[in-house]
Amino acid sequence: MPELPEVETVKRGLETLVLGKTIESIEILWPRIIENDTSEFQTILHQQTIESISRRGKFLIFHLTNSDLISHLRMEGKYEFHAKTDEIKKHTHVIFQFSDQTQLRYLDVRKFGRMKVVEKGQALLQKNLASLGPEPTKEEFDLKVFTQQLKKKQKAIKPLLLDQKLVVGLGNIYVDEVLWQAKIHPLQLANTISKTKVIALHQAIIDTLNRAVQAGGTTIRSYVDATGHTGAFQQQLNVYAQTNQPCPRCGSIISKMKVAGRGTHYCPVCQKEV
DNA sequence: AATACTACCTGCGTGC
DNA sequence: TGCACGCAGGTAGTAT
C-alpha cells in the first residue's frame, strides 16, 4: 500500500512509539518476511536498542545499537504497537518483544513485505538501496539531471517513474497524480516530452509528494500509520480512483487503462499523447 | 544495457 | 451458494 508519503508517516508514528526500546526477543510467524537466516536475525537483534529511524525512498531503516534493520512494507505491510497481552491479530508475521512488556508487531495480508538486518551504517550500501534515485526534494532532485535522463529513455513515462531510479517515492497513486498535474499521457515516451512539461513534471513530483506527506498519506482501502490513523490525501486526489468522475481541470470524464500491468487513471483530454 | 514479464500472497467484488 | 477471475499504495528475479 505505501508510497513515500505513507512510509514517511509510518516513520514519524514509529518515532513516537519505539525510540529507546530494547529488543528482548523476536517471534517470527512467517519466515519469508525475513531475508536473513531467521535464527541469526533473532540472535543479532537481541538486546539491541532502537536509537533512531530513517527513511530512504519507500524503505524504513531502524538504526539500532550495533545494526541497521531495513524494512519494506511493499503492498500491505503495517506496524502496530501493542501491549504484550493484546490478542494477536490475523496476518501478524513478526513480533518484536521489548524489555518493557510492549511489542512492535508487523502485519501484512499479502506477505510481500521484507526485513533485513545489516551491519550498522551499511543500509544504504545494500544493492537495492544503493541503486535508488534522489529523494523528491528541491535540494536532492535536480531538474537538469532529470531532463538529461529522460532524454536517454525510449520508454513510457509511467513505468519509468515507478522504477525508483530517476527519483524515489512514486507509486501507482502518486504517479497518476503527477502525470495529470503535468498534463502528460502515461504512455508518452520519456524522450519525447517537451521541456515545458518536464519542468512541470519535476515540480509536480516534489509538490505532490510534499502535500501528501503533510496530509499523512492516502488511504484508499487499508492504509493506516503506526498509530492506527488513516491519511487524508485521498480528498485531494484528482485522477487516482476517480474513474468516470469529471476531471477537476476540464470536466472531461476520467478514464482508466492498463499500463505496465497497473491500473492507470488519466484525463483523455488534458493528457494527450503527443 | 535496457526493457518486459512473472512470481510472490490474500481477500474482495463481480458475473455466470 | 459457489466458483472462477480480475484486481489491489511494490519490488526483485528472470527472460528477451
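Order of the sequence lines fixes the chain letters, A, B, ..., with proteins taken first and strands second; residue numbering starts at 1 for each chain. Everything quoted here is computed from the prediction, not taken from an experiment. Atoms considered below: every heavy atom in the structure, side chains included; atoms not considered: hydrogens, waters and symmetry mates.
With P as the reference atom, C/dG6 and B/dT6 are 14 Å apart, rounded to whole Å. A gap of 23 Å separates the P atoms of C/dT11 and B/dG11, to the nearest Å. C/dC7 and B/dC5 have their P atoms separated by 15 Å, given to the nearest Å.
At the phosphate of C/dT11, OP1 or OP2 sits under 4.0 Å from a side-chain N or O atom of A/Q164. In terms of phosphate contacts, A/R114 brings no side-chain nitrogen or oxygen within less than 4.0 Å of OP1 or OP2 of C/dA12. Note on A/K152: every side-chain N or O is 4.0 Å or more away from OP1 and OP2 of B/dA2. Using a 4.0 Å cut-off, some side-chain N or O of A/N128 falls inside it from OP1 or OP2 of C/dA12. Under 4.0 angstrom from either OP1 or OP2 of B/dA2 there lies no side-chain N or O belonging to A/K165. OP1 or OP2 of C/dC7 has at least one side-chain nitrogen or oxygen of A/K258 nearer than 4.0 Å. Look at A/K256 and you'll find a side-chain N or O under 4.0 angstrom from OP1 or OP2 of C/dA8. Side-chain nitrogen and oxygen atoms of A/K58 include at least one within less than 4.0 Å of the OP1 or OP2 phosphate oxygen of C/dT11. Close to C/dG10, at under 4.0 Å from its OP1 or OP2, lies a side-chain N or O of A/R262. Close to B/dG11, at under 4.0 Å from its OP1 or OP2, lies a side-chain N or O of A/H91.
Atom CD1 of A/I173 is separated from atom C1' of C/dG10 by 12 Å (rounded to the nearest Å). Between A/I157 atom CD1 and B/dT3 atom P there is a gap of 12 Å when expressed in whole angstrom units. Rounded to an integer number of Å, the gap from A/L107 CG to B/dT10 P is 14 Å. Atoms CZ (A/R74) and P (B/dT10) sit 16 Å apart, rounded to a whole Å. Between the P atom of C/dG10 and the CG atom of A/D163 lies a distance of 13 Å, rounded to the nearest Å. Distance, A/H72 NE2 to C/dA12 P: 7 Å, rounded to whole Å. Atom CZ in A/R110 sits about 11 Å away from atom P in B/dG11, given to the nearest Å. Distance, A/N191 CG to B/dT3 C1': 14 Å, rounded to whole Å.
No side-chain heavy atom of A/W30 sits under 4.5 Å from any side-chain heavy atom of A/Y106. Within the 4.5 Å cutoff, the side chain of A/L209 has heavy atoms near those of the A/L170 side chain.
A/G263 comes within 4.0 angstrom of sugar-phosphate atoms only, judged by non-hydrogen atoms across all strands, and of no base.
Taking only side-chain atoms of A/V109, from C-beta outward, the nucleotide of B/dG11, B/dT3, B/dC9 with the closest atom is B/dG11.
If you check B/dC9 for Watson-Crick or wobble pairing at under 3.5 angstrom, you find it has no partner at all.
Between the side chains of A/H93 and A/D108, not a single donor N or O lies within less than 3.5 Å of an accepting N or O. A/Q103 and A/Q97 share a donor-acceptor pair across their side chains, judged by distance under 3.5 Å alone.
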Evaluate the salt bridge (Lys or Arg N to Asp or Glu O under 4.0 Å) criterion for residues A/E6 and A/K58: first the C-alpha distance (whole Å), next the side-chain angles of each, then the deciding distance (0.1 Å), finally the verdict.
-> CA-CA 9 Å; A/E6 293 74 36; A/K58 303 176 194 172; over 6 Å; no
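Aromatic stacking is marked for A/F112 over B/dC8, as both cut-offs hold: 5.5 Å for the centres and 30° for the planes.
Classified by interplanar angle (parallel below 30°, tilted 30° to 60°, perpendicular above 60°), the ring pair A/F141/A/H202 is tilted.
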